[in-house]
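Here is how names work: the chains are called A, B, and so on, in the same order as the sequence lines, proteins then strands, and each is numbered from 1.
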Number of protein chains: 2
Amino acid sequence: MHSPTENRDTLTKRLTDTGLRPTPQREVVFKVILEKRTHPTADEIFAMVKAQMPTISLATVYNCLETLVQNGLVRQVNFDRAPTRYCPNLHEHAHFHDEVTGEVHDIEVPVELLSQLRALLPAGYDASAIELSFRGKASPLPGHN
Amino acid sequence: MHSPTENRDTLTKRLTDTGLRPTPQREVVFKVILEKRTHPTADEIFAMVKAQMPTISLATVYNCLETLVQNGLVRQVNFDRAPTRYCPNLHEHAHFHDEVTGEVHDIEVPVELLSQLRALLPAGYDASAIELSFRGKASPLPGHN
DNA sequence: GTAGGAATTGGAATAATTCTAATTCTTAAT
DNA sequence: ATTAAGAATTAGAATTATTCCAATTCCTAC
């Protein structure tokens with residue numbers, strides 16, 4: 001377990017380590033994404049951040065998100081034409097989008113399988129990113145009401 | 001090879017077979033997608049369709065696309081937040097999005113591999129759709145300028 | 001302390017898509 | 001053939017997520 005202070009420090013450190021100025025806005029945006037592991041949208045992040053920093057603007061949230069994504073501290077996830085979601089799990093993984101609840105769950109993918117996917121590409125094709133997502137419903141398991 | 005007439009007939013037939021009224025607008029939209037295998041956007045489809053049917057409206061193109069997609073005659077492909085593209089290849093397959101040219105290429109996926117992907121889901125998760133896409137660049141093969 | 005660059009801000013602008021309400025077209029029953 | 005009813009089309013307005021812009025504020029290094 002980390003104390004809030006430790007948390008904040010590692011968070012600040014991750015920003016500076018990637019050469020970013022650890023502005024209060026960036027820190028609070030980053031913190032909110034790390035805490036809320038529900039793949040929030042920019043609007044949701046804005047709402048949560050605003051509770052802690054009422055003067056922040058939506059444009060800043062977008063700016064922070066962009067720099068966090070560009071510097072590899074946060075991942076961007078898109079489903080169809082729905083608003084972009086942000087995900088702190090940097091580990092290469094897939095997503096399951098529950099069409100009933102709207103929730104998004106991370107799905108681990110063995111590296112072995114990822115290289116099998118890469119192997120599908122014809123010679124000369126070089127993929128810098130692979131996106132794998134499932135859409136469907138997650139029924140409650142029998143015996144788990 | 002199909003004569004244009006045969007083509008048009010199978011096209012009409014595919015509409016009626018799925019219980020859709022084969023309106024001229026639907027036919028021309030469908031035809032354009034089948035001919036242009038480049039995963040066009042709604043705007044591109046609108047432009048191409050307009051050449052043959054100058055009175056058609058963009059709203060109708062969107063309506064037609066929606067019904068074609070809902071009835072499984074055309075697939076919808078989304079990359080990040082870019083405009084939706086439409087694809088006549090119903091065969092389950094993946095997409096490679098060339099970040100240099102912007103082109104989209106179909107990638108075949110063996111059913112075997114698809115079931116391995118499905119197997120990643122925890123018990124109780126039921127996927128109605130799997131989306132797999134690659135982003136990167138397709139370098140010309142050595143010896144193929 | 002101050003200059004210069006970086007970040008933030010609010011509001012306007014953009015772009016893809018959807019909505020709305022009116023019109024036109026089909027179809028099927030008479 | 002006529003017509004009523006439902007379906008499809010249309011033009012334009014509305015929506016929504018996101019980006020752009022220009023002005024201000026904030027840091028940092030000198």
Side-chain angles (χ1 to χ4, degrees), chain A residues 11-12 15-16 18-33 39-50 52-71 73-87 97 102 104, chain B residues 11-12 15-16 18-33 39-50 52-71 73-87 97 102 104:
Chain A
L11 187 153
T12 306
L15 287 170
T16 52
T18 45
L20 294 176
R21 280 228 298 248
T23 70
Q25 289 84 346
R26 285 175 182 169
E27 291 190 354
V28 69
V29 166
F30 195 14
K31 178 156 81 79
V32 151
I33 297 175
H39 305 79
T41 65
D43 267 352
E44 288 165 356
I45 293 166
F46 180 48
M48 295 187 288
V49 160
K50 210 161 189 187
Q52 300 173 50
M53 185 185 279
T55 60
I56 201 171
S57 77
L58 179 57
T60 301
V61 170
Y62 272 106
N63 289 341
C64 292
L65 289 171
E66 193 186 355
T67 52
L68 291 174
V69 168
Q70 280 178 349
N71 291 87
L73 295 172
V74 159
R75 264 190 61 184
Q76 217 170 351
V77 190
N78 287 293
F79 289 105
D80 300 323
R81 305 234 88 239
T84 301
R85 293 170 172 279
Y86 298 86
C87 164
H97 191 216
V104 176
Chain B
L11 188 153
T12 306
L15 288 170
T16 52
T18 45
L20 294 176
R21 282 230 296 247
T23 70
Q25 289 85 344
R26 285 175 181 171
E27 289 189 355
V28 69
V29 166
F30 195 14
K31 179 156 79 82
V32 151
I33 298 175
H39 304 79
T41 64
D43 266 352
E44 288 165 356
I45 293 166
F46 180 49
M48 294 187 289
V49 159
K50 209 160 191 186
Q52 301 173 50
M53 185 185 278
T55 60
I56 201 171
S57 78
L58 180 57
T60 301
V61 170
Y62 273 105
N63 289 341
C64 292
L65 289 172
E66 192 187 355
T67 51
L68 291 174
V69 167
Q70 280 180 348
N71 292 85
L73 295 171
V74 159
R75 262 190 61 184
Q76 217 170 355
V77 190
N78 288 294
F79 288 105
D80 300 323
R81 304 232 89 238
T84 301
R85 295 168 171 280
Y86 297 86
C87 164
H97 190 220
V104 176

Chemist: Using whole Å, report how far CG of A:Leu20 lies from P of D:dC27.
Modeler: 16 Å
Chemist: More 5' along DNA chain C: B:Pro22 or B:Glu66, using each one's nearest nucleotide?
Modeler: B:Glu66
Chemist: Are any of A:Ser57's side-chain N or O atoms less than 4.0 Å away from OP1 or OP2 of C:dT8?
Modeler: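 Result: no.
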Chemist: Calculate the interatomic distance between B:Glu27 atom CD and C:dT26 atom P; express it in whole Å.
Modeler: 11 Å
Chemist: Given C:dT18, is OP1 or OP2 found less than 4.0 Å from the side-chain N or O atoms of B:Tyr62?
Modeler: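 No, B:Tyr62 has no side-chain N/O under 4.0 Å of OP1/OP2 on C:dT18.
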Chemist: Measure the distance from CZ on B:Phe46 to P on D:dT9 and round it to the nearest whole Å.
Modeler: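 Distance check: B:Phe46 CZ to D:dT9 P gives 14 Å.
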Chemist: Please report, rounded to the nearest Å, how far the C1' atom of D:dA17 is from the CD1 atom of A:Ile45.
Modeler: 13 Å
Chemist: Rounded to whole angstroms, how far apart are CG on A:Leu58 and C1' on C:dT14?
Modeler: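 It works out to 15 Å between those atoms.
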Chemist: Describe the nucleic acid contact of A:Thr84 in one word from base, sugar-phosphate, nothing, applying a heavy-atom distance below 4.0 Å.
Modeler: sugar-phosphate
Chemist: Using atom CE of A:Met53 as one end and atom C1' of C:dT9 as the other, report the distance to the nearest whole Å.
Modeler: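 Atom CE in A:Met53 sits about 13 Å away from atom C1' in C:dT9.
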Chemist: Can a donor-acceptor pair be found, under 3.5 Å and without considering hydrogens, that links the side chain of B:Arg81 to the backbone of A:Arg81?
Modeler: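 Indeed, once roles are kept as given, a pair shorter than 3.5 Å links the two residues.
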Chemist: Using the closest heavy atom to pick a nucleotide of DNA chain D for each, name whichever of A:Asn63 or A:Asp43 lands nearer the 5' end.
Modeler: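 Here A:Asp43 is the residue nearer the 5' end.
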Chemist: Could you say whether A:Val61 or B:Pro24 is positioned toward the 5' end of DNA chain C, judged by the nucleotide with the nearest heavy atom to each?
Modeler: A:Val61
Chemist: If you compare every side-chain N and O of A:Thr55 against the phosphate oxygens of C:dT8 (OP1, OP2), does one of them come in below 4.0 Å?
Modeler: no
Chemist: Please determine whether a side-chain nitrogen or oxygen atom of A:Gln25 lies at a distance below 4.0 Å from atom OP1 or OP2 of D:dC26.
Modeler: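 Negative; the distance criterion is not met.
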Chemist: Would you kindly give the CD-to-P distance between A:Glu44 and D:dT18, to the nearest whole Å?
Modeler: 11 Å
Chemist: Looking at A:Arg81, does any N or O in its side chain come under 4.0 Å of the phosphate oxygens OP1/OP2 on D:dA17?
Modeler: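 Negative; the distance criterion is not met.
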Chemist: Is the phosphate of D:dC27 approached by A:Arg21 (side-chain N or O, under 4.0 Å from OP1 or OP2)?
Modeler: no
Chemist: Looking at D:dC27, I'd like to know if its phosphate oxygens (OP1 or OP2) sit under 4.0 Å from a side-chain N or O belonging to A:Thr23.
Modeler: no
